[in-house]
Number of protein chains: 2
Amino acid sequence: MGTRTEIAALDPNADLARADSLAREIFADIANKWALLIIEFLGQRTMRFGELRDEIGGISHKMLTQNLRMLEHNGLVERTVHPTIPPRVEYTLTEAGDALRAAVDGMCGWTQKFLPSPRSMRCSRGFM
Amino acid sequence: MGTRTEIAALDPNADLARADSLAREIFADIANKWALLIIEFLGQRTMRFGELRDEIGGISHKMLTQNLRMLEHNGLVERTVHPTIPPRVEYTLTEAGDALRAAVDGMCGWTQKFLPSPRSMRCSRGFM
DNA sequence: CGGTATCCACCATGATACTG
DNA sequence: CAGTATCATGGTGGATACCG
């Protein structure tokens with residue numbers, strides 16, 4: 001990453017100067033459309049893998065799995081396996097995940113006001 | 001994107017059924033780390049191209065140009081050229097852009113509470 | 001200084017197939 | 001139904017060079 005000398009200048013605490021590195025990594029993780037969409041949809045209710053896939057629409061099996069794993073790893077989503085046959089796996093937002101969803105809702109709400117299109121995303125209620 | 005027949009099936013109103021398509025495109029545009037970071041940093045103040053580049057840190061010349069163009073195209077950022085030598089180009093958030101920044105701030109605030117790291121991103125005040 | 005164009009490596013993504 | 005693995009490929013993004 002490039003130099004950011006102004007930071008050291010602004011912040012007397014050198015430790016804090018580059019503290020954002022980890023935050024940025026996670027930020028980069030969740031700052032992609034699938035992750036945000038997943039969080040948004042899971043905010044409605046707990047869902048099974050297949051439900052989530054159908055609701056979101058257009059996401060591949062692979063991407064869904066991958067993003068869910070990442071979100072789980074970052075503590076935003078909880079995964080519950082019911083060892084039945086066929087298997088039943090449910091996903092739900094953790095407290096942290098739900099807090100993030102609230103923030104994401106802000107972005108969705110924003111689209112309703114400012115999107116230069118006749119219609120905007122509908123979030124939290126409806127399918128989006 | 002793949003077919004999304006399930007939506008038409010779920011929603012009785014065919015018009016609304018696919019209304020999200022444009023919104024999703026724009027959502028997909030801004031749901032990437034560079035766009036969000038740019039919006040966040042521009043929220044602090046109007047900046048020149050180079051300033052923005054330095055402040056954000058780690059963004060390539062190309063990505064910054066590309067994202068700024070996209071944001072301008074979507075009406076979130078305004079570009080002002082001062083035809084001096086050397087050229088001076090300033091970027092500032094539009095009203096819509098600032099509204100989005102407010103939403104993004106929510107995400108930043110979230111990191112302070114829930115990030116599983118000792119430190120979180122600092123936004124809107126400070127550098128992030 | 002800011003913008004554009006070109007080249008290229010790499011990774012993210014989708015499709016497919018197989019397992020439990 | 002849910003997950004994993006593999007493969008091909010198209011796009012993303014970095015580096016570089018040159019223009020105004």
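In what follows, chains are A, B, ... by sequence order, proteins preceding strands, each numbered from 1.
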Please confirm whether the shortest side-chain N or O distance from B:Tyr91 to OP1 or OP2 of C:dG3 is below 4.0 Å.
yes
For D:dG3, does the base pair up with any side-chain atom of A:His61 as donor and acceptor (N or O, under 3.5 Å, distance only)?
yes
When you get a sec, tell me which of D:dA2, C:dG14, D:dG20 is the closest nucleotide to the side chain of B:Pro87?
D:dG20
To the nearest Å, give me how far apart CG (A:Leu68) and C1' (D:dC1) are.
14 Å
With side-chain contact (heavy atoms from CB on, under 4.5 Å) as the test, would you mind laying out the steps for B:Leu71 and B:Ile38 before giving the verdict?
CA-CA 9 Å; B:Leu71 291 172; B:Ile38 289 170; 3.7 Å; yes
Would you mind reading off the distance between B:Leu64 atom CG and C:dC1 atom C1', rounded to a whole angstrom?
13 Å
Rounded to whole Å, how long is the line connecting atom CD of A:Glu72 with atom P of D:dG3?
9 Å
Please state how far atom CG in B:Asn32 lies from atom P in C:dA12, giving the value in whole angstrom units.
14 Å
Applying side-chain contact (heavy atoms from CB on, under 4.5 Å) to A:Glu40 and A:Leu42, what does each step give before you reach the verdict?
CA-CA 6 Å; A:Glu40 190 57 27; A:Leu42 276 187; over 6 Å; no
A:Thr65 or B:Asn67, whichever maps to the more 5' nucleotide of DNA chain D:
A:Thr65
Begin with the C-alpha distance, continue with both residues' side-chain angles, and end with the deciding distance and a verdict on side chain to side chain donor-acceptor pair (under 3.5 Å) for A:Asn32 and B:Asn32.
CA-CA 5 Å; A:Asn32 78 70; B:Asn32 78 71; over 6 Å; no
Rounded interatomic separation in angstrom, taking CE from B:Met47 and P from C:dC1:
16 Å
Distance in angstrom units between B:Met63 CE and D:dT16 P, rounded
16 Å
Please check the phosphate of C:dG2 (OP1 and OP2 only) for any side-chain N or O of B:Arg53 closer than 4.0 Å.
no
Quick check for you: among D:dA2, C:dG14, D:dA15, whose closest atom lies nearest to any side-chain atom of B:Lys62?
D:dA15
What integer distance in Å separates B:Phe49:CZ from D:dG20:P?
18 Å
Determine whether B:Glu51 and B:Arg45 make a side-chain contact, defined as any pair of heavy atoms from C-beta on separated by less than 4.5 Å.
yes
In the structure I gave you, are the side-chain heavy atoms of B:Gln66 and B:Trp34 within less than 4.5 Å of one another anywhere?
no
Quick note, B:Arg69 side chain, CB onward, closest among C:dT4, D:dG14, C:dG2 is C:dT4
Value in whole Å for how far the P atom of D:dG3 lies from CD of A:Glu90:
12 Å
Nearest listed nucleotide, side chain of B:Pro86, among C:dC1, D:dG14, C:dG3:
C:dC1
Output the single nucleotide from D:dC1, D:dG14, C:dG3 whose closest atom is nearest the side chain of A:Arg48.
D:dC1
